[in-house]
Amino acid sequence: MISLRVFPAAFTRLRWHFAMLSGASALVIGSLVIAAQGAVSVDPMDVPSPKLATVMRSMVSGVASQGGRTVAVGPRGLILLTEDRGGSWRQVTSPVSTDLTTVRFVGHNVVWAVGHDAVALRSSDAGSTWERMLDGRTVLRLLRESAKGSEQLEAEIERTMGQSATADVWPAPLLDIQFSADGLTGFAVGGFGMFLKTTDGGKTWQSWQSQTENDQRYHLYALTGHDGAVFVAGEQGLVMRLNAESQRFERVATPYNGTFFGIDWLGPKLVAYGLRGNAFVSEDVGQAWRKIETGIDANLVGAVSYGDAVLLVSQKGDVLAVDFGASRASTYDQAHGAEVYGAVMTVSNRLALARLNGVSVIALSAQGK
């Protein structure tokens, strides 16, 4: 049987819930314990995902779409594909049974998925086959190498490793990944301020924690990039922008001290959103921000473009259309039901939602278009 890595507290694995915990030490780094007395422990990073008898109502935590294909990921290495607008889904083999949190298309047919135990998977055929490119063993080595000569950093690493059930695996999740247009330069972020960079398309990585203004090691949830500008968002209203000259991620002042679960370029606008319906927009590359009055207190978990409209999606399934001129959002449609964890617009202009009970793909109403 497989023994999966956990912290002592048994909290939810979902990425936006991490920020609600009382401190970094309470962050959940793992999934379920599936251990029997006397069972041999096998690392989930080394075990392919189990084949499910049915996938239609399996929990998914992330969803991405390109062309006619939509990809969803979830617990225990789950990866699902559809080519018929969500009418049917099929499971493909993942090289890990670690929980996956996020999936992104980063180029033509190139897809990345990230998750717990600092796992990053890559597909070059639009999600049909996958290869593990990064994991917690490599990340731990990178962090230890970068911390050499700093007693403080070395102590931080060992304190964190004290909460891992496996001595050679960094126990924090990756929560997002972003690549440049050429697919070579990329960043991956996650729990405890984890920040990694690659310049060769993900073949090798280096720790970039020392190049970020995040000494508090706030959890980092989301990345976005556009025309060379790269932003990351996380806990405590943290937004950072890459300074191309100094090659450091520097803090950007925001009017909010709560958690941002997402940050996205939507046309010329930069939108950050998160806890309790809070959303903000910047039209000058992050220098100034305006609050968007959403009228809801549900967590915002997605932002998408739909024609000329920008839509925000809440954990409860509210779909809000943003009026940037009036700095407010109003109900555009509703997809109430099981909790929503992510959203993406498909090529057929349908909204695909990652949910507790699977992926739902809905045709939006015509109102407001």
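No experiment lies behind these values; they were computed from the predicted model shown. Note: hydrogens, waters and symmetry copies are ignored here, and every other heavy atom, side chains too, is used.
With 3.5 Å as the limit, one finds no donor-acceptor pair spanning the side chains of K316 and N299. Using modelled atom types and a 3.5 Å distance limit, the side chains of N243 and E250 yield a donor-acceptor pair. Using a 3.5 Å distance cut-off with no hydrogens or angles, the side chains of S49 and S94 do not pair a donor with an acceptor. Under 3.5 Å, the side chains of S360 and R355 contain a donor-acceptor pair of N or O atoms.
Residues meeting the salt bridge (charged side-chain N to carboxylate O under 4.0 Å, His left out) test with E158, sequence neighbours left out: R144. Taking V285 as the reference, A229, F231, R241, W265 meet the side-chain contact (heavy atoms from CB on, under 4.5 Å) condition, with sequence neighbours excluded.
Taken together through direct or relayed side-chain contacts under 4.5 Å among Ile, Leu, Val, Met, Phe, Trp and Tyr, L142 and V114 form part of one hydrophobic cluster. Linking Ile, Leu, Val, Met, Phe, Trp and Tyr whenever their side-chain heavy atoms come within less than 4.5 Å leaves W170 and F187 in two separate clusters.
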Is there a ring-ring contact (aromatic ring centres under 6.0 Å, His included) between F195 and F249 once you walk through the steps? CA-CA 10 Å; F195 211 120; F249 275 85; 4.7 Å; yes
Could you give me the CA-CA distance, side-chain angles and deciding distance for R137 and D46, then say whether salt bridge (Lys or Arg N to Asp or Glu O under 4.0 Å) is met? CA-CA 11 Å; R137 297 188 189 104; D46 301 324; 2.7 Å; yes
Using the rule given for salt bridge (Lys or Arg N to Asp or Glu O under 4.0 Å), can you reason through K148 versus E154, listing the C-alpha separation, both sets of side-chain angles and the distance that settles it, and then say yes or no? CA-CA 7 Å; K148 285 181 179 178; E154 289 176 345; over 6 Å; no
Begin from the C-alpha positions of F280 and Y273 and carry the test ring-ring contact (aromatic ring centres under 6.0 Å, His included) through to its verdict. CA-CA 6 Å; F280 300 82; Y273 50 91; over 10 Å; no
Given the rule in the side-chain contact (heavy atoms from CB on, under 4.5 Å) test, do V232 and V230 qualify, once you have shown the distances and angles that lead to the verdict? CA-CA 7 Å; V232 61; V230 183; over 6 Å; no
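A donor-acceptor contact shorter than 3.5 Å links the side chain of R132 to the backbone of M45. No side-chain donor-acceptor contact under 3.5 Å links R251 to the backbone of M240. Between the side chain of D297 and the backbone N or O of G277 there is no donor-acceptor pair closer than 3.5 Å. Counting only distance, with no hydrogens or angles, the side chain of S314 and the backbone of G317 share a donor-acceptor pair below 3.5 Å. Checking side-chain atoms of T101 against main-chain N and O of L174 turns up a donor-acceptor pair under 3.5 Å. A donor-acceptor distance shorter than 3.5 angstrom exists from the side chain of S61 to the backbone of L100, with no hydrogens or angles considered. With hydrogens and angles disregarded, a donor-acceptor distance shorter than 3.5 Å links the side chain of Q66 to the backbone of G107. A donor-acceptor distance shorter than 3.5 angstrom exists from the side chain of D284 to the backbone of A288, with no hydrogens or angles considered. Counting only distance, with no hydrogens or angles, the side chain of T259 and the backbone of L275 share no donor-acceptor pair below 3.5 Å. Not a single donor-acceptor pair under 3.5 Å links the side chain of D117 to the backbone N or O of V119.
Residues W289 and A272 come closest through the heavy atom pair CZ3-CB, 3.9 Å. The minimum heavy-atom distance linking G86 with T82 is given by the pair N-OG1, 3.2 Å. Heavy-atom minimum distance, I157 versus A147: CD1-CB, 3.6 Å.
Taking the six-membered ring for Trp and the full ring otherwise, the centers of Y221 and F260 sit at least 6.0 Å from each other.
No side-chain heavy atom of N109 sits under 4.5 Å from any side-chain heavy atom of S124. In this structure, V60 and L78 have side chains that are in contact, with non-hydrogen atoms separated by less than 4.5 Å. Residues L140 and M161 meet the side-chain proximity criterion, which asks for heavy atoms closer than 4.5 Å. Using a 4.5 Å heavy-atom cutoff, the side chains of I79 and V71 are in contact. A heavy-atom distance below 4.5 Å is found between the side chains of N278 and K291. Between P268 and E283 there is no side-chain heavy-atom pair separated by less than 4.5 Å. Using a 4.5 Å heavy-atom threshold, the side chains of V96 and L121 count as touching.
Open room surrounds NZ on K203; 12 or fewer heavy atoms of other groups in view lie less than 6.0 Å from it. Other residues, nucleotides and ligands place no more than 12 heavy atoms under 6.0 Å from the CD atom of E151. Annotation: E145, atom CD; neighbour count of heavy atoms from other residues, nucleotides and ligands within 6.0 Å is above 12. Atom NE2 of H108 has 12 or fewer heavy atoms from other residues, nucleotides or ligands within 6.0 Å.
Using a cut-off of 4.0 Å between Lys/Arg side-chain N and Asp/Glu carboxylate O, D135 and R141 are scored as not salt-bridged. Using a 4.0 Å cut-off between a side-chain N of Lys or Arg and a carboxylate O of Asp or Glu, D264 and K269 do not qualify as a salt bridge. D176 and R104 are joined by a salt bridge, as a carboxylate oxygen and a charged side-chain nitrogen come within less than 4.0 angstrom of each other. The pair R90-E83 counts as a salt bridge, with a side-chain nitrogen and a carboxylate oxygen less than 4.0 angstrom apart.
Within the structure, side chain to side chain donor-acceptor pair (under 3.5 Å) contacts touching residues 204-214 (residues at least two apart or in different chains) are D200-T204.
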